[in-house]
Number of protein chains: 2
Amino acid sequence: MARLPVYLRALVALAERGIATCSSEELAAAAGVNSSKLRKDLSYLGSYGTRGVGYDVEYLRYQIAREIGVTEDLPVVIVGIGNLGHALANYSGFTTRGFRIVALLDSDPDRVDEEVGGLAIRGHDDLERIVREENVAIGIIATPAAAAQAVCDRLVAAGVTSILNFAPAVLSVPPGVDVRKVDLSIELQILAYHEQRKALVQPIEGGVTA
Amino acid sequence: MARLPVYLRALVALAERGIATCSSEELAAAAGVNSSKLRKDLSYLGSYGTRGVGYDVEYLRYQIAREIGVTEDLPVVIVGIGNLGHALANYSGFTTRGFRIVALLDSDPDRVDEEVGGLAIRGHDDLERIVREENVAIGIIATPAAAAQAVCDRLVAAGVTSILNFAPAVLSVPPGVDVRKVDLSIELQILAYHEQRKALVQPIEGGVTA
DNA sequence: ACGATTTTGTTCTCACGTTCACAAGCTCCT
DNA sequence: AGGAGCTTGTGAACGTGAGAACAAAATCGT
Ligand SMILES: NC(=O)c1ccc[n+]([C@@H]2O[C@H](COP(=O)([O-])OP(=O)(O)OC[C@H]3O[C@@H](n4cnc5c(N)ncnc54)[C@H](O)[C@@H]3O)[C@@H](O)[C@H]2O)c1
Ligand SMILES: NC(=O)c1ccc[n+]([C@@H]2O[C@H](COP(=O)([O-])OP(=O)(O)OC[C@H]3O[C@@H](n4cnc5c(N)ncnc54)[C@H](O)[C@@H]3O)[C@@H](O)[C@H]2O)c1
């Protein structure tokens, strides 16, 4: 389920505030979902709650982390260390959430050996070797769209089976490989669409009622 | 529909390759969706295709852009010009997809007046004034999670009605305000989940069959 | 000019996800 | 010890979205 990470994040936040136990209602509010949905999602993992009391925050946190598979750090490579790649490489949030960036790769010779976030950029000739040696299963693509499919193919050929793609391009991969895409322009355009609907509807309502 | 921007991007890519007409099958492949779904989505906008021929790329491109509401540039502000904010400010893709970054805001006095991507960073005291003067409807939050809700509240109070949130926090907003969140850790954790499933299933299958 | 062919627009069915509602079960107070 | 009061877990209805299949329409060739 795609909501488990949200629950995990909410549980970590509750734990940091020193809360040891929480009801499905509280956790649902913290995660921004319906409490029914939350309970059904959690019941899919097993009965980790206590009726009349709620859920033990620390225990449930571990169970969800185990279900997701982030109890120990997973190695990740980032390909394309431009504007976005730099930000990702400098981001500390991955480390604290179950991931370990093991390599930064870029095709630009001028960028190679530059150090970002404590890691030296490697040339993309090293891609296959690094993926094999470090047993990397997850790759992040932050190259221009034109290079994305080629980079993707190389990652997959080297053994990567999960890809997070920031380039605005549709990647085709063999079966068994998962791709998730993050496209900020699309997110903004969806917001723009709703903006437009608001702009069309509200003036009419606004003039008559509130 | 959340898929319209994907179609738009695919149409722009086709137009750049000099293709003037395309079938639903071709466009669906370029967008990575089913052709039935694509035709149903497009029919919701009206009958913009020609049976036996397909869709006129340029015409459909404009119609979708109009439907989304990005025929003319929408003003956007970015709050929190750290690692991620810098990358966003330097990103040229927003401009070419219907958005115009009108201000970069940060609370850190050391950062104010620094120039990023041709725009000077402003102190966050200027938030309300800029939003009003430029008629900004869309705000991007790239601050730490702890500051996200406060920034969000200020944006909303100033008149912003759509928010794109990069901070790992659940934002609560009044009705009428849209929030979309981008959380990279969540994306990675979803990939990790599928990784784990693959790791559990494949060794068994792999040992017996292929 | 007419039919074959291609491709859209639409309808129908099906499956999934969401939400409501309630029974089972635990705790705490008396 | 027993019951009142919560809270979980789950069963059933509901609505929504996806996919396949088909009919309408436009072009092209003859
Ligand atoms: N910067 C943003 O905020 C932002 C926002 C949304 C989407 N994106 C997308 O993310 C991608 C990267 O954006 P950016 O702003 O960092 O671009 P960028 O041009 O700054 O960086 C791209 C980097 O990729 C490297 N590269 C190119 N081809 C490569 C290859 N074959 N192998 C390895 N490295 C290669 C380049 O040398 C460069 O360093 C783009 O596709 C962009 O559309 C960026
Ligand atoms: N860097 C990444 O690749 C990345 C990836 C995923 C998520 N994120 C999230 O994006 C957010 C920003 O990440 P970052 O790496 O850029 O962090 P950062 O610390 O580099 O930058 C945060 C910036 O926000 C500013 N800021 C703080 N409070 C503010 C306020 N009240 N008003 C205006 N500005 C304020 C700070 O001065 C700083 O410049 C964080 O929530 C982070 O979790 C970042």
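Chain letters run A, B, ... following the sequence lines, proteins first, then strands; residues in each count from 1. Computation of the quantities below employed the complete heavy-atom set of this structure, encompassing side-chain atoms and omitting hydrogens, waters and symmetry-equivalent molecules.
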Exercise for the section: Report yes or no: does B:H124 contribute a side-chain atom to a donor-acceptor pair with the main-chain N or O of B:S107 at less than 3.5 Å? Expected result: no

Exercise for the section: Could you list the residues that satisfy side chain to side chain contact (heavy atoms under 4.5 Å, CB included) with A:S36, not counting sequence neighbours? Expected result: A:N34, A:R39

Exercise for the section: May I ask you to decide whether B:K198 forms a salt bridge with A:D178, counting only side-chain N to carboxylate O separations under 4.0 Å? Expected result: yes

Practice task
Produce a footprint string for nucleotides 19-27 of chain D: one letter per nucleotide, 5' end first; B if the base is under 4.0 Å from any protein heavy atom, S if only the sugar-phosphate is, - if neither.
Solution key: BBB--BBSS

Handout entry: Which residues share a side chain to side chain contact (heavy atoms under 4.5 Å, CB included) with B:A158, sequence neighbours left out
Key = B:L127, B:E128, B:V131

Exercise for the section: Could you list where the contact with chain A starts and ends along DNA chain C, reading 5' to 3', using a 4.0 Å heavy-atom cut-off? Expected result: C:dT18 to C:dT27

Problem - Carboxylate-amine/guanidinium proximity below 4.0 Å for B:R9 and A:D183 - result: yes

Practice task
Please list residues of residues 3-21 of chain B whose heavy atoms come under 4.0 Å from any atom in DNA chain D, ordered by number; otherwise none.
Solution key: B:R3

Exercise for the section: For B:Y44, answer base if it contacts any base atom (sugar-phosphate contacts may also be present), sugar-phosphate if it contacts only those atoms, and nothing otherwise; contact means non-hydrogen atoms under 4.0 Å. Expected result: nothing

Problem - B:N165 side chain to B:A169 backbone, donor-acceptor under 3.5 Å - result: yes

Exercise for the section: Decide whether A:Y7 and A:D41 meet the rule of one side-chain donor and one side-chain acceptor closer than 3.5 Å. Expected result: yes

Exercise for the section: Keeping the roles fixed (side chain from A:Q189, backbone from A:L184), state whether a donor-acceptor pair exists under 3.5 Å. Expected result: no

Could you list the donor-acceptor pairs under 3.5 angstrom formed by side chains in residues 65-75 of chain B, with sequence neighbours left out?
from  : atom 1 : to    : atom 2 : distance (Å)
B:R66 : NE     : B:Q63 : OE1    : 3.3
B:R66 : NH2    : B:Y48 : OH     : 3.3
B:R66 : NH2    : B:Q63 : OE1    : 2.7

Fill in the blank from the handout: The single option from A:R97, A:R180, A:K181 that satisfies salt bridge (charged side-chain N to carboxylate O under 4.0 Å, His left out) with B:E187 is A:R180

Completion exercise
In whole angstroms, the gap separating P of D:dT8 from CD of A:E25 amounts to 8 Å

